[in-house]
Structures are given as C-alpha cells and as structure tokens.
Amino acid sequence: EVQLVESGGGLVQAGGSLTLSCATSGFTFDDYVVGWFRQAPGKEREGVSCMSNRAGSVFYTDSVKGRFTISNDNAKNTAYLQMNSLKPEDTAVYYCAAGHFLVSTTDRLCDEFFFDSWGPGTQVIVSS
C-alpha cells in the first residue's frame, strides 16, 4: 500500500524559506513519479513540482522556477520540496502525491490525473 505523509509546513515571512518533507512507503522513487501540489483558498489545486527518477525529468510550474527545488532520497524513502524566497501567494495547503506512470513530455509530469496516492497535506502560510 502506497502511503505519503507531509511535514514541514508552517508560518514564514515573505522572503524566507521552508523545506517540506514527504515520508513515503510502499514504493520506490525509481518506479513512481512523485509530485508536490498546492491548493490556496478559493483556488483549484495546482501542480507545483514533479519528479521522475526513471525518466530523469523534473517539472516546475512557472511561478516557482528558480525558487523551489524538488528532490528525493530512496534510502530515506522521503521526498522534499525546498522553498526559497517565499511570497504571500505561495500560501496554500501543500500535498505530496505519487503515481506509477510515464509521460512523453515533461509538461505533463504534474498532470494530476496520473497521481492516485495522496498525503493529507501540510499548511504553508507566508506573511507579507
């Protein structure tokens, strides 16, 4: 059974940093795509960053490029999202998700349709 649990959220001032962690079980990063999604109040959930070790592909949504970094550690069964230069518009509930799929283009790596296992989420609040 695939399980994911996020941690590391909290309250941070604009310009600050946070690192989110996603403890996983039931799969390896070499076989599954792992992604970070977020949902702000009143908005739809969006793909922030997704990573496929198998394909050697990483996707970042435009608004976080250059500020966020996704990574994973097979030995620790943990995925990470390093978030720097945080902005108030980054405020959201952040979810970790996993899916067993391959896509032909990196642009589709964070297509929510392909992810079938989700964590409960962790709240990130960025104050101005």
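- Take Ser85 and apply the side chain to side chain donor-acceptor pair (under 3.5 Å) test, not counting sequence neighbours, and it matches no residue.
- The closest side-chain heavy-atom distance from Tyr60 to Ile70 is below 4.5 Å.
- Here the side chain of Thr91 pairs no donor or acceptor atom with the backbone of Glu89 at under 3.5 angstrom.
- Rounded to the nearest 0.5 angstrom, Ser49 OG and Tyr94 OH are separated by 11.0 Å.
- Listed for the Gln3 side chain is no donor-acceptor partner under 3.5 Å among the backbone atoms of Ser25.
- Both Trp36 and Leu18 belong to a common hydrophobic cluster when Ile, Leu, Val, Met, Phe, Trp and Tyr are linked at side-chain heavy-atom distances under 4.5 angstrom.
- Annotation for Tyr80: hydrophobic cluster partners, listed by chain and number, are none (ILVMFWY side-chain heavy atoms under 4.5 Å, direct or chained).
- Looking at Gln82 and Thr19, their side chains come closer than 4.5 Å, going by heavy atoms from C-beta outward.
- Across all non-hydrogen atoms, the minimal contact from Ala55 to Ser52 is N-OG, 3.0 Å.
- Rounded to the nearest 0.5 angstrom, Glu46 CD and Glu44 CD are separated by 10.0 Å.
- Using a 4.5 Å heavy-atom cutoff, the side chains of Val34 and Asn72 are not in contact.
- The two atoms that bring Val2 and Ala98 nearest to each other are CG1-CB, 4.4 Å, heavy atoms only.
- Atom CZ of residue Arg38 and atom OG1 of residue Thr61 lie 7.0 Å apart, to the nearest 0.5 angstrom.
- Listed by first and then second residue, the disulfide (SG to SG under 2.5 Å) pairs that reach into residues 7-50 are Cys22-Cys96, Cys50-Cys110, sequence neighbours excluded.
- At least one donor-acceptor pair under 3.5 Å links the side chain of Asn74 to the backbone N or O of Phe29.
- Taken to the nearest 0.5 Å, the CE atom of Met51 stands 6.5 Å off from the OG atom of Ser71.
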Report the C-alpha separation of Leu102 and Arg54 in whole Å, then their side-chain angles, then the decisive distance to 0.1 Å, and conclude whether the side chain to side chain contact (heavy atoms under 4.5 Å, CB included) test is met. CA-CA 9 Å; Leu102 290 174; Arg54 185 176 180 182; 4.0 Å; yes
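- Listed by first and then second residue, the salt bridge (charged side-chain N to carboxylate O under 4.0 Å, His left out) pairs involving residues 112-128 are Arg45-Glu112 (not counting sequence neighbours).
- Just one of Val48, Val124, Asp90 meets the side-chain contact (heavy atoms from CB on, under 4.5 Å) condition when paired with Met83; it is Val124.
- Within the hydrophobic cluster formed by Ile, Leu, Val, Met, Phe, Trp and Tyr side chains joined at under 4.5 Å, directly or through other members, Phe114 is accompanied by Val33, Phe37, Phe59, Val93, Tyr95, Phe101, Val103, Leu109, Phe113, Phe115, Trp118.
- Counting only residues at least two apart or in different chains, salt bridge (charged side-chain N to carboxylate O under 4.0 Å, His left out) contacts with residues 94-110 comprise Arg108-Asp111.
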Checking side-chain hydrogen bond (donor to acceptor under 3.5 Å, both in side chains) for the pair Thr78/Asp73: CA distance, chi angles, key distance, verdict? CA-CA 5 Å; Thr78 303; Asp73 186 331; over 6 Å; no
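- Taking each heavy atom of Gly9 and Thr122 in turn, the nearest pair found is N-OG1, 3.2 Å.
- A heavy-atom distance below 4.5 Å is not found between the side chains of Ile125 and Val12.
- Annotation: the span from Ser117 atom OG to Glu1 atom CD amounts to 8.5 Å, rounded to 0.5 Å.
- Counting all heavy atoms, side chain and backbone alike, Ala92 lies closest to Ala40 at CB-N, 3.8 Å.
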